[in-house]
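Residue numbering restarts at 1 for every chain, and letters A, B, ... go by the order of the sequence lines. Keep in mind that this is a model prediction, so the values were computed, not measured.
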Protein chains: 2
Amino acid sequence: MAITVVGSVAFDSIETPSGRKERCLGGAATYFSLAASFFTDVRVIAVVGEDFGRRQEAVFQARKIDTRGIEHTAGKSFFWEGSYLDNLNEAKTHITDLNVFAAFEPKIPEAYRDSEFLFLANIDPLLQRRVREAMPQAKLVAGDTMNYWIKDHRPALLEVLKGLDVLLINDTEARMLTGKSNLLQAARGVLALGPRTLVVKHGEYGATAFFSDRSFSVKGGSAQSYPFRAPALPLEEVVDPTGAGDSFAGGFFGYLASQPELTPAAFRRAMFYGSVMGSFAVERFGTERLQALSRQEIDDRFMVFRELTHLD
Amino acid sequence: MAITVVGSVAFDSIETPSGRKERCLGGAATYFSLAASFFTDVRVIAVVGEDFGRRQEAVFQARKIDTRGIEHTAGKSFFWEGSYLDNLNEAKTHITDLNVFAAFEPKIPEAYRDSEFLFLANIDPLLQRRVREAMPQAKLVAGDTMNYWIKDHRPALLEVLKGLDVLLINDTEARMLTGKSNLLQAARGVLALGPRTLVVKHGEYGATAFFSDRSFSVKGGSAQSYPFRAPALPLEEVVDPTGAGDSFAGGFFGYLASQPELTPAAFRRAMFYGSVMGSFAVERFGTERLQALSRQEIDDRFMVFRELTHLD
């Protein structure tokens with residue numbers, strides 16, 4: 001089933017211990033849709049400027065991603081510059097130029113309206129909410145957010161959380177959202193805010209899913225009483241961590257959308273596919289690795305993740 | 001098969017966000033032997049002072065741990081005082097009084113000499129080496145160490161590492177030992193120093209085993225080419241992290257020693273049992289939880305860990 005994703009399409013200049021790259025094609029919606037495109041049809045809602053040309057468009061086309069919802073407007077695309085020189089787990093932001101994104105008014109093409117899966121990438125919660133309300137047919141809605149919205153736009157964010165089937169955030173964000181440093185307590189606190197399922201991403205240690213008793217993954221099985229943890233792959237070199245979380249979300253949600261039924265087993269495999277896509281994303285700068293990937297490589301790595309965690 | 005463990009038996013005064021406890025029975029050899037005693041026979045080599053009396057002895061007796069190798073001498077037992085107020089992952093040491101431990105000369109009872117498993121808990125590498133050489137019949141030798149020995153006693157430590165079948169350390173120690181911040185690079189660097197297998201403990205994120213091509217776990221299966229990761233259990237409250245790593249080592253090595261063959265599958269289960277014992281240890285102060293535990297509870301939690309990580 002098709003996924004519609006709303007979020008940023010951007011240019012990133014990135015410095016890591018492995019080197020520096022100027023103006024990589026990036027943005028949460030880009031990483032998400034590339035990762036999800038290996039599993040299902042993906043439709044993007046975003047805004048770009050005049051610097052987004054044929055070369056960038058071709059990246060989406062190569063993965064058959066529907067870009068009719070990417071609005072082209074006068075000015076420059078969202079630009080971010082950051083580095084990970086001291087700590088690969090946390091970006092240091094040097095420049096954030098919102099540019100055309102500052103006045104972003106998501107417009108949903110008619111052809112997107114039958115999407116049963118909706119992903120609200122990390123943008124202003126007011127926009128997340130507006131898109132959610134404009135797509136009432138979406139039967140499964142997942143989303144992301146970040147420290148900025150948690151700190152300074154809490155009321156709007158809380159409204160979004162109430163309607164989410166799955167919220168995907170990292171440890172720091174879960175703690176910030178609840179004021180609890182213990183992971184399980186923080187998870188309970190987040191679930192109490194509305195999301196039916198919470199996925200906490202731990203960077204190099206993988207990700208954990210926590211389920212409320214209203215969790216969606218009960219069809220064809222009993223409700224999950226325990227969390228579920230997917231590992232990350234120990235990698236020789238993390239070239240560029242940018243987009244790892246969005247790629248996780250794309251693999252996770254893309255796989256879910258490809259499944260005939262949302263069973264607990266499908267959910268678990270989706271967590272593994274999320275980790276798999278995150279592990280590929282960081283192997284090269286920007287979206288380079290996701291662009292060059294094959295489904296066979298993805299499934300091979302899925303088996304490695306199984307090997308990495310399973311007793312037999 | 002029986003395990004002999006050499007290490008500290010001590011008193012700990014501990015402060016955590018959950019409270020404060022004075023002079024808990026502690027020490028690496030205590031946590032290790034209590035955890036391992038649920039799986040196999042355990043024999044302890046340590047030294048204690050006059051403050052180690054019948055009550056402390058009874059803790060070992062209740063678990064049928066052989067204490068003939070615990071030497072009683074004039075003076076006070078090893079005493080440690082520390083807190084985890086800011087960070088449950090790292091102890092802040094207030095007091096370390098070596099007391100009788102300062103002149104510790106491990107004496108190995110004749111009855112211990114047929115132990116096929118030997119665990120060298122975190123003590124002076126010179127003593128670790130001496131015990132290892134005095135027990136040439138040990139067919140599987142595992143050990144632990146800490147930042148102090150890595151920094152200031154490196155040559156002696158390197159001698160010990162050469163002879164280890166399994167080294168169990170935490171992330172920080174693996175990085176300190178090799179100067180590599182990337183986990184996989186650090187693991188490769190540690191394996192190059194001699195240990196045939198390396199287990200890196202990640203605290204609340206579990207533990208990862210890395211295998212060299214000389215790794216022991218090849219009987220009955222092919223050599224492990226990928227690492228293996230056991231999760232930790234997300235807990236509502238970590239009452240006292242003291243001894244979690246030693247309890248992990250006890251569960252891990254105790255389970256291995258109980259197995260007829262050292263297969264890759266047995267090794268994987270051992271990693272899970274290690275995580276299980278670590279998760280129990282932190283539920284109460286000192287060794288309280290380990291003392292009150294049953295094998296049934298251990299096996300029930302093993303199944304929870306399976307549930308937490310397995311696709312089906």
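Contact annotation for B:Y205: both backbone and side-chain heavy atoms come within less than 4.5 Å of a heavy atom of chain A. Using a 4.5 Å cut-off between heavy atoms, A:D171 contacts chain B through its side chain alone, with no backbone atom that close. In this structure, chain B has a heavy atom under 4.5 Å from the side chain of A:F302, while its backbone stays farther away. When heavy atoms are compared at a cutoff of 4.5 Å, B:L308 approaches chain A by way of both its backbone and its side chain.
In this structure, B:E90 places its CD atom where only 12 or fewer heavy-atom neighbours from other residues, nucleotides or ligands lie under 6.0 Å away.
Counting heavy-atom pairs closer than 4.5 Å to chain B, the top-ranked of the candidates A:L233, A:L311, A:V304, A:T208 is A:L311. For the options B:T309, B:D312, B:L235, heavy-atom pairs under 4.5 Å to chain A are most numerous at B:T309. When the candidates B:M271, B:R188, B:K180, B:R229 are compared by the number of heavy-atom contacts under 4.5 Å with chain A, B:R229 comes out ahead.
Between the A:H310 side chain and the B:R306 main chain, no donor and acceptor come within less than 3.5 Å of each other.
Looking only at side-chain heavy atoms (C-beta outward), A:N182 and B:E236 stay at 4.5 Å or farther from each other.
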